[in-house]
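Note that the coordinates shown come from a computational prediction; the quantities given were computed from them, not determined experimentally.
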Amino acid sequence: MSVATEACPSPKLHTRLRLWEFADRYVFEPVDGLADLFLSVDRTNGSMSLVEELPPRGPSTNPKVRIVFGVIGVLKLAVRSYFLVITGRDCVGSYLGHAIFKLTGLKVLPCNNSLNTSSAEQKKMESEFSELLDAAERTIGLYFSYDVNLTLTSQRLHDLGDQFKSLPLWRQAEPRFLWNGYLLEPLIENKLHQYLLPVIQGSFQSIHAEVGSEKVNVTLIARRCTRRIGTRMWRRGADPEGYAANFVESEQIMQSKEFTASYVQVRGSMPFLWEQIVDLTYKPSFDVVRVEEAPRVLERHFHDLQKKYGAVVAVDLVNTHGGEGRLYERYAKSIEPILSEDIRFVHFDFHQICGHIHFERLSQLYDQIEDYLKKHRYFLLNSKGEKMEEQTGTVRTNCVDCLDRTNVTQSMIGRKILESQLQKISVLGDNNTISDYPAFDADYKVLWANHGDAISTQYSGTPALKGDFVRYGKRTTQGILNDLWNAMARYYLNNFADGTKQDAMDLLQGHHISSVSRDMPTPTKGLIENHASFRLAFALLLAAVIFLIMSLRRARNDVFHLVLSLLWSGFCFGITRYVKANGRKFTNRPRFHLSRH
């Protein structure tokens, strides 16, 4: 993409480094021609310094050498530090004329030579934390640029002007969307400006199409907020400061005929205190926490949205009845005192109105918010880089997970806005729609489907449900089967994997700081948590069932085996009741999580 003004960060960031792994230090050698100094990192304590040359090498030294594409940051734990470096990247497009890269390889470099002199307790604690780094290396959806601020919208960058863009990228970055903000702190303290590479988590995808005789480029960016980052079941609702779980800003950017337009909408969990703790049931109950604080938390959330986006229309897609209905009632009641011309609330029972196949009925929702969308417009620049239109409000959409129903709805809104923009610059006629151009229509559907899948995989571990409608414009048998498979996968991940993943996220974001005190006690579990294992319970239950069957086969002629079969039956029943009664104890729980009750 190209806009009249571009970011000119100073100094330039290193784009390519040769990493030397010596026995006592790591040395980063710039091979991009941007500097002559080397970054040396002590492998004993993680201390950093700039040096003029490599350490001497002889027959006894045989350092491992590899190419890396940047330093994400430094994680300091109890007795050692870790450097996180980029070992793989793919160019996925451009933003404001600069290349955007997706991180495809992440490596953690331990500075742990001091571990040999640490106490047994510190070694145990460090070993437990180190296990989380395996999950950290598998972090997905990370994007970065060496030249442009990816954390801000096109409109915001344009309004801030050239002087702001001359700042180093890390100073420009929006803290909410700076995924490695905590990890950059040690580099900032050491004034290693050419290594301060901002990273976002989300998605970045583009399509290029022809509409009649005109070329149209559409880019879709997701920026995930780090304030309440987490996994599907372990991060619900909002925190007391009003930061919502799974809060994602989606910016759709269109370029055609030398015009640039964008539209920003957001999604996020219902912004009050509630949780849904996994307990082995398919759909754990919703618990609204500290009900009396809901209006205050919600007001903080919307006040923050107004400061950043202007007017807000909150679109709530949850069910009217059942457990979701209780959340809807709390949301509607809590937001009522702050409703105004600039804050609107629209409830649309997606499942009741659209069912599982009639998603075209979303037009009923559009009819309710069409006036708002037209009033608050979108961002539009002409060929001279002059602002023709300004977006003065946004749509905040939520369901329970803010994934499946939300993505279907956001794709509908994005389509309507894009059609309006293309009509404005005369690429589409007043009565034409994207559907009139099948190739463009198909690519646009895939763009939003991939967008939803990326956000969903980061939060829930699987692609979005109902993705076939976004991708093809209709529900398909294969899509329904995929939804069934993904629903089962979510159940497994939520119950037996996401606790560790949540801890890894908290560690990388500094939400649990283990480096403050080396004497910090290791988080402990209760007696049941220490010994409870779903795999063990399942194995015992399976063994009991096998012995039960064996006993029943001989019970007709043998009173002993009849009694034995009754004992095995009781054993099976007892294990099942025990696991059910203590379901939360048998799940993979975050070690740093506390219920807000």
| message | Do I253 and E251 have side chains that approach each other closer than 4.5 Å (heavy atoms only, starting at C-beta)? | response | yes
| request: Using only heavy-atom distances, determine whether the side chains of N246 and R224 contain a donor-acceptor pair under 3.5 Å. | output: yes
| Judged by modelled atom types alone, do R471 and N450 share a side-chain donor-acceptor pair under 3.5 Å? | yes
| Sole residue of R176, R223, R228 in side chain to side chain contact (heavy atoms under 4.5 Å, CB included) with F247 | R176
| message | Could you check whether any side-chain N or O of Y243 sits under 3.5 Å from a backbone N or O of P271, counting only pairs where one atom can act as donor and the other as acceptor? | response | no
| NZ/K308: more than 12 non-hydrogen atoms of other groups inside 6.0 Å | yes
| task | Go through the steps for Y263 and Q421 under the test side chain to side chain donor-acceptor pair (under 3.5 Å), then give the verdict. | result | CA-CA 10 Å; Y263 187 76; Q421 293 167 342; over 6 Å; no
| field | R326 side chain vs F286 backbone, donor-acceptor pair below 3.5 Å | value | yes
| query | Side chains of V318 and F350: does their closest heavy-atom pair fall under 4.5 Å? | reply | no
| said: Would you say OH of Y472 has more than 12 non-hydrogen atoms from neighbouring residues, nucleotides or ligands within 6.0 angstrom? | reply: no
| request: Please check if the side chain of E419 supplies one atom and the backbone of I434 the other of a donor-acceptor pair under 3.5 Å. | output: yes
| said: So, taking the atom named NE2 in H451 and the one named OG in S203, what distance separates them when rounded to the nearest 0.5 Å? | reply: 5.0 Å
| query | For S269 and C402, which heavy atoms make the closest approach, and how far apart are they? | reply | N-SG, 3.4 Å
| query | Any luck finding a side-chain donor-acceptor pair between Q502 and T231 under 3.5 Å? | reply | yes
| task | Give a yes or no answer on whether the side chain of N180 reaches the backbone of I72 with a donor-acceptor pair at less than 3.5 Å. | result | yes
| note | On a heavy-atom basis, the closest approach of A314 and I335 is CB-CD1, 4.4 Å
| Q155 side chain to Q391 backbone, donor-acceptor under 3.5 Å | yes
| query | Is L84 close to L75 at the side-chain level, that is, under 4.5 Å between some pair of heavy atoms? | reply | yes
| request: Applying side chain to side chain contact (heavy atoms under 4.5 Å, CB included), run through L273 and V288 and close with a yes or a no. | output: CA-CA 6 Å; L273 299 160; V288 178; over 6 Å; no
| request: Test V92 against Q205 for side chain to side chain contact (heavy atoms under 4.5 Å, CB included), laying out the working first. | output: CA-CA 7 Å; V92 294; Q205 298 172 57; over 6 Å; no
| note | G230 and Y459 have their tightest heavy-atom pair at O-CD1, 3.3 Å
| Pair S456-R490, side-chain donor/acceptor within less than 3.5 Å | yes
| Modelled atom types, side-chain donor and acceptor of Q252 and W448, under 3.5 Å | yes
| task | Nearest 0.5 Å please: distance from the CD atom of Q509 over to the OG1 atom of T226. | result | 5.0 Å
| request: Side-chain contact test, heavy atoms from C-beta onward, threshold under 4.5 Å: evaluate it for R415 versus S435 and give yes or no. | output: yes
| Identified side chain to side chain contact (heavy atoms under 4.5 Å, CB included) counterpart of D404 within the set L317, L465, D483 | L465
| With distance as the sole test, does D279 use its side chain to make a donor-acceptor pair with the main-chain N or O of T281 at under 3.5 Å? | yes
| said: Ignoring hydrogens and geometry beyond distance, is a side-chain donor-acceptor pair present between Y331 and E336 at under 3.5 Å? | reply: no
| Passes salt bridge (Lys or Arg N to Asp or Glu O under 4.0 Å), E324 versus R405? Steps please. | CA-CA 14 Å; E324 291 188 13; R405 289 170 280 184; 3.2 Å; yes
| task | Would you please test K375 and E370 for salt bridge (Lys or Arg N to Asp or Glu O under 4.0 Å) and show each step? | result | CA-CA 9 Å; K375 176 181 178 181; E370 182 180 10; over 6 Å; no
| said: I'd like to know if R138 pairs up with D134 as an ion pair, taking the criterion as any Lys NZ or Arg NE/NH1/NH2 lying under 4.0 Å from an Asp or Glu carboxylate oxygen. | reply: no
| query | Given side chains that start at C-beta, do those of Y491 and V278 come closer than 4.5 Å, heavy atoms only? | reply | no
| message | For G325, is there any backbone N or O sitting under 3.5 Å from a side-chain donor or acceptor partner on T320? | response | no
| field | N588 side chain vs N495 backbone, donor-acceptor pair below 3.5 Å | value | no
| field | E299/R296 under salt bridge (Lys or Arg N to Asp or Glu O under 4.0 Å): CA gap, chis, key distance, verdict | value | CA-CA 5 Å; E299 184 177 4; R296 177 187 61 80; over 6 Å; no
| field | CE-CD1 distance between M412 and I417, expressed to the nearest 0.5 angstrom | value | 10.0 Å
| message | Testing the basics here: between T394 and Y372, what is the closest heavy-atom pair and its distance to 0.1 Å? | response | O-OH, 2.7 Å
| request: Check for a donor-acceptor pair, side chain of Q458 on one end and backbone N or O of G202 on the other, with a separation under 3.5 Å. | output: yes
| message | Testing the 3.5 Å rule here: is there a donor-acceptor pair between the side chains of R267 and T397? | response | no
| task | Classify the side-chain pair Q201/Y143 by whether it contains a donor and acceptor separated by less than 3.5 Å. | result | no
| task | Among D506, D498, D401, find the residue that satisfies the salt bridge (charged side-chain N to carboxylate O under 4.0 Å, His left out) test when tested with R235. | result | D506
| said: I'd like to know if the side chain of S206 pairs up with that of T219 as donor and acceptor (distance under 3.5 Å, no hydrogens or angles considered). | reply: yes
| query | What is the minimum heavy-atom distance between P463 and D453, and which atoms define it? | reply | CB-OD1, 3.4 Å
| field | Close side-chain approach of W179 to T139, heavy-atom, < 4.5 Å | value | yes
| task | Count the heavy atoms of every other residue, nucleotide or ligand shown that sit under 6.0 Å from CD of E341, and state whether that count exceeds 12. | result | no
| In terms of side-chain heavy atoms, does H301 have a donor or acceptor partner in R396 at a distance below 3.5 Å? | yes
| field | Check: Q265 side chain, Q410 main-chain N or O, donor-acceptor pair, under 3.5 Å | value | yes
| After noting the C-alpha distance and the side-chain angles of D468 and N482, does the key distance pass the side chain to side chain contact (heavy atoms under 4.5 Å, CB included) rule? | CA-CA 9 Å; D468 53 334; N482 288 343; over 6 Å; no
| message | If you define the side chain from C-beta out and look only at heavy atoms, does anything of V266 sit under 4.5 Å from V395? | response | no
| field | Carboxylate-amine/guanidinium contact E241 R300, below 4.0 Å | value | yes
| Do K466 and F359 meet the cation-pi criteria used here (NZ or CZ under 6.0 Å from the six-membered ring centre, within 45° of the axis)? | no
| note | In terms of heavy-atom contacts, Y182 and L508 come closest through CD2-O, 3.4 Å
| message | Quick check: do I413 and I369 have side-chain heavy atoms less than 4.5 Å from each other? | response | yes
| request: Kindly indicate, with the supporting measurements, whether the criterion side chain to side chain contact (heavy atoms under 4.5 Å, CB included) is fulfilled by L157 and Y95. | output: CA-CA 12 Å; L157 277 173; Y95 182 57; 4.0 Å; yes
| query | Does the side chain of S340 come under 3.5 Å of the side chain of D342 through a donor N or O and an acceptor N or O? | reply | no
| query | Nearest 0.5 Å, what's the CG-CG distance between N398 and D316? | reply | 4.5 Å
